[in-house]
Structure formats: C-alpha cells, structure tokens
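Throughout, protein chains are lettered first and strands after them, A, B, ... in sequence-line order, and every chain is numbered starting at 1.
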Amino acid sequence: MSAAALTLPDAEYLVELRFPAQASRMVLVRDVVRSAARLCGFDETATHDIVLAVGEACQNVILHAYEGRGDGPILLDILESPDRMILRVTDFGPAVAPAVLQPRDLGELRPGGLGTYFIQNVMDTTDFGRSPGGVGNVLQMSKKKDPST
Amino acid sequence: MSAAALTLPDAEYLVELRFPAQASRMVLVRDVVRSAARLCGFDETATHDIVLAVGEACQNVILHAYEGRGDGPILLDILESPDRMILRVTDFGPAVAPAVLQPRDLGELRPGGLGTYFIQNVMDTTDFGRSPGGVGNVLQMSKKKDPST
Amino acid sequence: MSDTVREVNGNLVVRLAGEIDLDRAPEVRRLLLDSVKRSLDVLVDLSAVTYIDSSGIASLVEALQWAKRRGTDLCLIAVSPEALRVFELARLDKVFAIHPDMNAALAAGN
Amino acid sequence: MSDTVREVNGNLVVRLAGEIDLDRAPEVRRLLLDSVKRSLDVLVDLSAVTYIDSSGIASLVEALQWAKRRGTDLCLIAVSPEALRVFELARLDKVFAIHPDMNAALAAGN
Ligand SMILES: Nc1ncnc2c1ncn2[C@@H]1O[C@H](COP(=O)(O)OP(=O)(O)O)[C@@H](O)[C@H]1O
Ligand SMILES: Nc1ncnc2c1ncn2[C@@H]1O[C@H](COP(=O)(O)OP(=O)(O)O)[C@@H](O)[C@H]1O
C-alpha cells in the first residue's frame with residue numbers, strides 16, 4: 001500500500017491502453033488482457049483469473065470512481081518483468097481511502113461486493129494509492145509467472 | 001492527404017494504445033485490432049484485412065521511422081463512427097514525405113514493398129501527414145462498415 | 001449467441017451465453033427474475049458462458065434468493081470451466097446446486 | 001505450433017505454422033532457403049498459418065526465386081483462407097503454384 005510500491009517497477013511495457021469508462025468497452029479490454037497474459041506464458045486458468053481481476057478493477061472505476069457517468073478515461077498499463085506480469089489501472093476520480101477497498105466477508109449470501117475479493121484472491125500483489133501525478137487512483141496488481149513454464 | 005483529414009473525426013474512441021516499436025509486440029497489437037474490428041461488426045475477411053493494414057503500418061514504423069531501433073513508441077488510436085472504423089498510427093520519427101509511401105508496381109516479382117500496397121488496397125481511405133503536434137507522422141486509415149450487417 | 005428460455009417437463013431451462021459482465025448483467029438479471037416469477041423450478045444452463053464476473057454472479061445470487069423466498073428451486077447445469085472457476089473463487093459452488101446436465105438435475109428432483 | 005520439414009517421396013514438405021510477421025519472417029526465410037538448397041522440390045504447407053504479412057510473403061517470394069535459379073520447384077499446398085487472402089491481395093496466387101494438398105501437388109509433378 002506504500003507509494004513506493006506504485007512507482008515504476010523494473011519491468012518492460014507490453015502496452016498501455018486508454019479507454020472511456022463504459023461497460024460496453026470492457027469486452028475489448030478483456031481481449032487485450034487475455035492476449036497479453038498468454039504472451040507472458042500464463043496457462044488458461046491463470047489467464048482467466050488475470051482477465052477477471054482487470055475486469056473487476058475497471059468495473060469498480062466505472063461504478064464507483066466515475067459513478068457510472070461514463071465520461072472519464074481509464075488507463076491500463078500492462079508490464080512484464082522476468083518473473084511477473086504487472087497491471088495498473090488508473091482513474092481520474094476523487095481520492096478513495098484504501099480501507100474502502102477491503103473485500104467483504106463471503107459468509108453472508110448477498111449479491112455484490114465480490115469484485116475486490118476476486119482481485120485480492122487471484123493476484124499475488126495488489127496495491128492501491130493515489131496516482132504519482134496526484135490526480136486519480138491507481139490499483140497496481142501483479143501475478144507471478146509459473147516457474148515451470 | 002490534407003491536414004484536415006487528420007483532425008479528429010466525428011467518432012468515438014474505442015481504445016488508444018501505446019507500445020514500443022518492436023516486432024515482438026505486434027501479436028498483441030493485432031489481437032486488439034482483431035477484437036475491435038469484430039466489435040464494429042466486420043466479417044472475418046474484413047477483420048483480417050484491417051488487422052493486416054495495421055500490422056503493415058506498424059511494421060513500416062518499426063523498420064523505417066525508427067529504423068529498427070525499437071526504442072520509440074507507437075500510438076494506435078482506434079475509433080468508431082456510425083458508418084466506419086478509423087485507425088490512426090502515430091510515430092515520433094523524422095518527417096516522411098507522403099510521396100515515399102506510394103505502393104510499388106506488382107508486375108515485377110521481388111520480395112518487399114508490399115506493405116503500402118496492402119494498406120491502400122484493403123482500406124477505404126488512407127491519409128498520411130505530420131501529427132497535429134508537429135512531432136512525428138500519422139497514418140490515418142478508415143474502413144466502411146458493411147451496411148448489410 | 002443469445003440467451004434462451006424453454007420449458008422442459010414443467011421446469012424452465014434458462015440458457016445463458018457469452019460474456020456476462022457489467023454490460024450484460026442487467027439483461028441477464030431481468031431474464032432470471034422473470035423466469036423465477038413463473039413459479040417453476042429453474043435450471044440455469046451455463047455451458048455457453050465464456051466469462052462471468054461479480055456483476056453476473058450477483059444476478060444469479062439475487063435470482064437464487066428470489067427462488068428460495070417463493071419456495072421453488074434454482075440450480076445450475078453444465079457449468080463451463082470459466083464459470084465454475086468464478087463460482088469456486090466466490091465459494092458459491094456449495095451454495096448453488098450444480099449438476100452436470102439437465103437429466104442429472106431432473107433426477108435430483110430439480 | 002512450430003514449423004517442420006520432412007521428406008516425402010524425394011520432396012521436402014515444409015509446414016509453416018502460426019503468425020508469420022516481421023518477428024518470425026527471418027526464421028521462416030532461413031528454413032525455406034535451407035530447404036531449397038537441398039536441391040529437392042519443395043512443397044510449402046500453409047494450412048496452419050493463421051496470419052501472414054508482407055514480410056512473410058517476401059520470404060516466400062525469395063525462396064521461389066532461389067528455387068527457379070536452381071531449376072527446382074517450389075509450390076504451396078493446403079493454403080489457409082487467411083494466407084490465401086494475402087496471396088490474392090498481392091496477386092501472387094498466379095505466380096505460385098497452389099495445390100489443395102500434397103497428393104494433388106505430387107500428381108501435378110511437384
Ligand atoms: N475505483 C474505486 N473508486 C472508488 N470506490 C471504489 C473503487 N473500487 C471500489 N470502491 C469501493 O469499494 C467497495 C467494494 O468494491 P467491490 O468489492 O468491487 O464490490 P461492489 O463493487 O460489488 O460493491 C465498493 O462498494 C466501493 O465503495
Ligand atoms: N512510417 C514510415 N516512416 C518512414 N518511411 C516509411 C514509413 N512507412 C513507409 N516508409 C517508406 O515507404 C517505403 C514503402 O513501404 P512498404 O510498401 O511498406 O514496403 P517495405 O516496407 O516492404 O519496403 C519504404 O521502403 C520506406 O522507405
């Protein structure tokens with residue numbers, strides 16, 4: 001959760017995307033993440049999980065940071081280091097306290113609140129903070145590559 | 001070929017990409033273009049052709065604008081208007097005279113020189129110019145949607 | 001690929017298809033709740049679902065809760081590997097009755 | 001999916017696979033020229049090629065020119081729809097001999 005964790009890691013950019021925060025754009029964004037995860041050598045389950053995490057992160061931005069207005073942009077940076085894939089989702093919405101993003105208790109059966117839980121369970125690291133420029137929030141996630149591949 | 005043709009058309013952004021001008025990144029970029037073309041409703045042949053055109057355009061930037069150095073970035077803007085898909089490839093290399101980009105005569109059997117020919121044959125419009133900011137070249141291409149779909 | 005509803009032996013089989021995300025969840029939710037309202041047992045076929053996220057899961061949880069309140073059953077059949085993965089992650093694979101196919105669900109009394 | 005070369009009845013069948021772009025064209029070019037150098041007729045199987053661009057086409061044109069100079073044949077077999085589209089766009093579908101499969105190519109004398 002430290003700001004340091006959000007500075008540029010020792011990794012190569014695969015691609016940076018910018019798209020409007022609209023639910024209808026997510027099919028395309030997920031396709032990009034799927035291709036990139038395969039390129040990093042992840043198997044089908046890990047690829048699915050990474051796509052899910054990015055989908056949930058963008059959904060949070062659409063619903064919460066921009067409250068469904070659909071006019072703000074989302075930035076998605078996809079990076080690869082020798083041992084992991086790093087994905088960074090940036091919005092330009094009001095500051096969110098990291099504590100808000102605690103995953104909920106699964107004990108109770110109710111719709112909603114699963115997004116953050118999925119992200120934290122499928123990724124190896126997740127760090128939430130203000131963007132380096134000070135405008136907007138950044139969720140940086142990473143997943144370790146399978147050493148056997 | 002006019003500068004006006006390169007100003008922002010009346011179209012919605014699907015996604016903007018930024019990636020290093022390296023041949024190894026093109027698989028991912030083509031996947032994005034393929035998804036976007038399908039999203040715009042193009043059939044498999046038109047989707048293939050659009051992917052080919054973008055691949056050739058990026059290949060030209062990798063080989064000619066950056067001369068294979070692989071350090072410069074490529075920007076790819078993908079837009080959709082009601083009647084067409086618009087793709088814009090921007091580099092930050094030295095200015096290229098549009099006349100250089102004439103497709104070659106197919107009569108002669110020799111390897112090379114096909115890229116520009118493919119782009120001009122599969123797309124409905126292609127406009128080449130300096131980027132609005134004055135740094136780099138922009139190739140803007142568009143393809144009409146099939147009215148029957 | 002579109003969603004379909006058909007009646008089989010007094011049950012409703014709701015077949016969902018494609019990617020069920022924030023964009024498509026409202027229409028899926030409507031379809032499921034309308035099906036539950038018909039007071040028949042509902043079998044939700046997820047064989048053609050290639051992606052489902054928290055918003056799709058939320059629609060299914062809501063439909064299950066509606067069914068429980070009405071005293072009807074709602075179960076999942078032929079769950080694709082992608083969808084099963086998400087139910088497992090959410091620990092909902094024990095909350096929903098899941099059957100390999102329609103016949104197994106009917107035999108189990110759904 | 002990787003490229004393979006095998007000998008069939010005194011011909012070389014070179015099977016290319018995947019996406020042949022700027023990144024992979026050098027290795028494909030090497031494979032084709034090495035095959036042509038063996039002074040056998042070469043059948044290039046393009047059934048598993050899902051994408052080919054001007055750099056891949058350039059490698060094939062160069063191999064065809066080398067074969068002509070040596071007096072051997074180089075033909076294409078089982079060309080995938082994606083690859084055929086590109087040969088047609090380049091008007092090279094009349095320059096290369098194209099056969100539906102290996103048997104047709106052998107019958108035609110390749
Ligand atoms: N990018 C964001 N900006 C602002 N608030 C957020 C963001 N992401 C998540 N939140 C907050 O965190 C809570 C939990 O998110 P989540 O687990 O995805 O559940 P859900 O979105 O289904 O409510 C949300 O209800 C919201 O208040
Ligand atoms: N983005 C670019 N920047 C600079 N020069 C370019 C660019 N694109 C194309 N060119 C020039 O146009 C010529 C024709 O390009 P093309 O038809 O793609 O053939 P090829 O790349 O196979 O030579 C190139 O040889 C090069 O001189």
Side-chain angles (χ1 to χ4, degrees), chain B residues 19-34 37 42-70 74 101 103-123 143, chain D residues 1-2 16-33 36 44 46 48-70 73-76 79-98:
Chain B
F19 49 93
Q22 291 164 20
S24 60
R25 305 309 166 85
M26 291 309 303
V27 187
L28 182 53
V29 173
R30 288 196 303 266
D31 277 346
V32 178
V33 175
R34 197 174 288 121
F42 287 103
D43 68 18
E44 286 307 294
T45 302
T47 296
H48 168 271
D49 289 355
I50 294 165
V51 169
L52 180 68
V54 175
E56 297 293 349
C58 293
Q59 184 171 316
N60 279 344
V61 172
I62 295 171
L63 293 177
H64 307 302
Y66 295 128
E67 294 170 312
R69 287 189 311 274
I74 300 182
L101 287 159
R104 77 168 174 89
D105 181 7
L106 289 193
E108 184 195 353
L109 181 65
R110 63 168 178 86
L114 279 172
T116 305
Y117 178 86
F118 285 156
I119 297 171
Q120 301 203 350
N121 272 271
V122 302
M123 302 305 283
K143 194 165 175 78
Chain D
M1 285 208 298
S2 60
L16 303 178
E19 311 202 9
I20 306 180
D21 61 1
L22 186 61
D23 198 33
R24 288 207 42 226
E27 108 202 31
V28 165
R29 176 177 178 278
R30 199 64 268 151
L31 187 72
L32 290 171
L33 298 188
V36 168
V44 186
L46 297 181
V49 170
T50 52
Y51 178 80
I52 186 166
D53 69 8
S54 63
S55 53
I57 296 286
S59 304
L60 279 157
V61 167
E62 199 180 347
L64 178 63
Q65 291 176 323
W66 279 43
K68 278 189 199 296
R69 255 180 268 135
R70 295 198 154 238
D73 279 328
L74 182 144
C75 72
L76 310 180
V79 180
S80 68
E82 294 84 356
L84 189 60
R85 172 75 182 152
V86 180
F87 279 91
E88 286 171 355
L89 284 172
R91 314 246 180 88
L92 288 168
D93 52 327
K94 301 288 174 267
V95 172
F96 284 88
I98 300 184

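Nearest heavy-atom pair, G115(B) versus S54(D), reported as atom, atom and distance to 0.1 Å: N-CB, 3.9 Å. Nearest heavy-atom pair across L89(D) and Y117(B) is O-CE2, 3.1 Å.
Within the 4.5 angstrom heavy-atom criterion, no atom of L60(D) approaches chain B. V51(B) touches chain D through backbone and side chain together, each having a heavy atom under 4.5 Å away.
The distance from atom CD of E82(D) to atom CG of D49(B), rounded to the nearest 0.5 Å, is 11.0 Å. Distance CD/Q59(B) to CG/D53(D): 4.5 Å, rounded to 0.5 Å. Atom CG of L22(D) and atom CD of Q22(B) lie 11.5 Å apart (nearest 0.5 Å). For the atom pair I57(D) CD1 and L114(B) CG, the distance stands at 7.0 Å (nearest 0.5 Å).
Listed by chain and residue number, E19(D), D21(D) satisfy the side-chain hydrogen bond (donor to acceptor under 3.5 Å, both in side chains) test with R30(B) (two or more places apart in sequence, or in another chain). In this view, Y51(D) satisfies the ring-ring contact (aromatic ring centres under 6.0 Å, His included) rule with no residue, not counting sequence neighbours.
For the pair R85(D) and T45(B), the minimum side-chain heavy-atom distance is below 4.5 Å. When side chains are defined from C-beta on, V86(D) counts as touching F118(B), because their heavy atoms get closer than 4.5 Å.
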